[in-house]
Amino acid sequence: MPIHHQKKIFHSINQQPLAEFKVGVDNVIFSVNTAQNQLLVLLVIRKQEPCLNHWSLPGTLVRQGESLEDAAYRIMAEKIKVNNLYLEQLYTFSSPKPDPREEIASYGVRYLSVSYFALVRFEEAELIADKVAGIAWYPLQKLPQLAFDHNEIITYGHRRLKNKLEYSPVAFEVLPETFTLNDLYQLYTTVLGENFADYSNFRARLLKLGFLSDTGIKVSRGAGRPASLYKFDQAAFAPFKDKPLVFI
């Protein structure tokens, strides 16, 4: 491209006004119902236009003086009570077109959506219902058509969750303090699919890492042999926290 054309384009870009943003946070909150072998995501009913009465992710606009992470924790606290959770920023979604969620008075105002990814213990999570029922866990495979681009955000979040299970100890954030290896295997198969690994190889791999501590306690479930209860050993894992690992 000729230099004078490049200068013209650069000059044109510089003349454009700075964009104005409304910033919102949308939370993709996952949980695993191991009893039903279901990966769940938390949805809420929208109580205002646009998309009135449509299911959506729990979300909020960021308030003055509030950080993005604080807003993410605030919307979680408004929808769910839970002691153990894993939360991290997922992605920032933006479009040059005005978002229908905003009453935009002037041209150029854009809605910037920062999504967060959370994983909580299903057995401990208590949903906070308001005066009208409008919050529920949905199986990932049976999601309705959601408001805005929330189906796509969930798909992105699911990919992140699968990656986290493969390369980090995030699974232990949502398991009980003690668990059997079969409990752990069921969690992985629920999220990754039944064909990700056979149980024998999975068991050998996890025990070889050296981060699981046998409590010496056995539990009986059904007609099979008693199974050992394990704990995740944080101290043993600490030296490897910032090093690349493959958990499965």
Side-chain angles (χ1 to χ4, degrees), residues 18-32 39-122 124-140 142-161 164 170 173-174:
L18 296 176
E20 297 181 27
F21 286 96
K22 295 286 187 178
V23 182
V25 166
D26 294 309
N27 284 354
V28 187
I29 305 172
F30 288 113
S31 194
V32 178
L39 177 59
L40 307 172
V41 63
L42 189 66
L43 300 180
V44 297
I45 288 286
R46 283 186 56 80
K47 302 297 176 63
Q48 67 275 336
E49 294 287 359
C51 301
L52 177 66
N53 294 327
H54 281 68
W55 287 102
S56 70
L57 294 171
T60 184
L61 288 174
V62 178
R63 297 171 177 172
Q64 286 285 350
E66 185 178 45
S67 71
L68 292 171
E69 187 172 278
D70 286 344
Y73 275 111
R74 172 170 58 81
I75 193 61
M76 284 197 67
E78 292 172 359
K79 302 299 181 184
I80 187 172
K81 294 179 182 178
V82 64
N83 293 323
N84 297 282
L85 65 91
Y86 176 88
L87 178 74
E88 71 169 40
Q89 192 173 129
L90 176 64
Y91 197 73
T92 299
F93 296 85
S94 174
S95 170
K97 297 181 180 179
D99 190 281
R101 279 171 280 194
E102 295 301 322
E103 294 289 338
I104 298 175
S106 61
Y107 177 79
V109 177
R110 293 164 58 183
Y111 184 90
L112 185 68
S113 174
V114 181
S115 59
Y116 275 78
F117 151 81
L119 188 61
V120 302
R121 291 184 182 178
F122 180 72
E124 298 178 4
E126 178 184 346
L127 302 187
I128 302 173
D130 51 21
K131 296 178 181 178
V132 180
I135 183 169
W137 290 111
Y138 263 81
L140 189 67
K142 298 181 180 179
L143 292 180
Q145 182 60 44
L146 304 179
F148 314 116
D149 57 352
H150 289 185
N151 288 89
E152 289 78 7
I153 295 176
I154 291 173
T155 298
Y156 195 94
H158 186 211
R159 289 201 298 268
R160 174 71 63 84
L161 175 59
K164 282 290 179 180
V170 67
E173 301 282 349
V174 294

message: Are I29 and V82 packed together at the side-chain level, in the sense that at least one heavy-atom pair is separated by less than 4.5 angstrom?
response: no
message: On a heavy-atom basis, which atom in L127 and which in A136 lie closest, and how many Å separate them?
response: CD1-CA, 4.2 Å
message: To the nearest 0.5 Å, what is the distance between SG on C51 and CZ on F148?
response: 4.0 Å
task: Side-chain contact test, heavy atoms from C-beta onward, threshold under 4.5 Å: evaluate it for L39 versus H158 and give yes or no.
output: yes
field: Worked verdict on F30 versus L140 for side chain to side chain contact (heavy atoms under 4.5 Å, CB included)
entry: CA-CA 9 Å; F30 288 113; L140 189 67; 4.2 Å; yes
message: What I'd like to find out is whether the side chain of L85 reaches to under 4.5 Å of the side chain of I80, using heavy atoms alone.
response: no
message: Closer than 3.5 angstrom, by distance alone: can the side chain of H54 be matched with the main-chain N or O of L52 as a donor-acceptor pair?
response: yes
field: Between CD1 on residue I135 and CD1 on residue I128, distance to nearest 0.5 Å
entry: 7.5 Å
message: If I compare all heavy atoms of L40 with all of F122, which pair ends up nearest, and what's the gap?
response: CD1-CE1, 3.4 Å
statement: Separation between NE2 (H150) and CG (L57), nearest 0.5 Å, reads 5.0 Å
task: Write down the atom of A125, the atom of V120, and the distance for their closest heavy-atom approach.
output: CB-CG2, 4.3 Å
task: Please tell me if the side chains of M76 and N27 come closer than 4.5 Å, counting only heavy atoms from C-beta onward.
output: yes
statement: CZ (R121) and CD (E173) are apart, to the nearest 0.5 Å, by 8.0 Å
task: Evaluate the ring planes of Y138 and W55, with Trp represented by its six-membered ring, and classify them as parallel (under 30°), tilted (30 to 60°) or perpendicular (over 60°).
output: perpendicular
Flag side-chain contact, heavy atom, 4.5 Å: N53 against I45: yes
message: If I take atom OG from residue S113 and atom CG from residue D149, how far apart are they, to the nearest 0.5 angstrom?
response: 6.5 Å
query: So how far is it from L61 CG to L112 CG, rounded to the nearest 0.5 Å?
result: 11.0 Å
- prompt: Is a donor on one side and an acceptor on the other found under 3.5 Å between the side chain of S115 and the backbone of Y91?
  reply: yes
field: Shortest non-hydrogen contact between V25 and Y116, atoms and distance
entry: CG1-CD1, 3.9 Å
- request: In sequence, state the C-alpha distance, the side-chain angles, and the governing distance for V174 and Y86, and then conclude on side chain to side chain contact (heavy atoms under 4.5 Å, CB included).
  value: CA-CA 8 Å; V174 294; Y86 176 88; 5.9 Å; no
message: When you compare the side chain of D26 with that of V28, does any pair of heavy atoms fall below 4.5 Å?
response: no
message: Given 3.5 Å as the limit, does a donor-acceptor pair link the side chain of R160 with the main chain of L90, or not?
response: yes
query: Between I153 and L146, is a side chain to side chain contact (heavy atoms under 4.5 Å, CB included) present by the stated rule, with each step listed?
result: CA-CA 10 Å; I153 295 176; L146 304 179; over 6 Å; no
query: Does the N151 side chain pair with the main chain of P144, one donor and one acceptor, at a distance under 3.5 Å?
result: yes
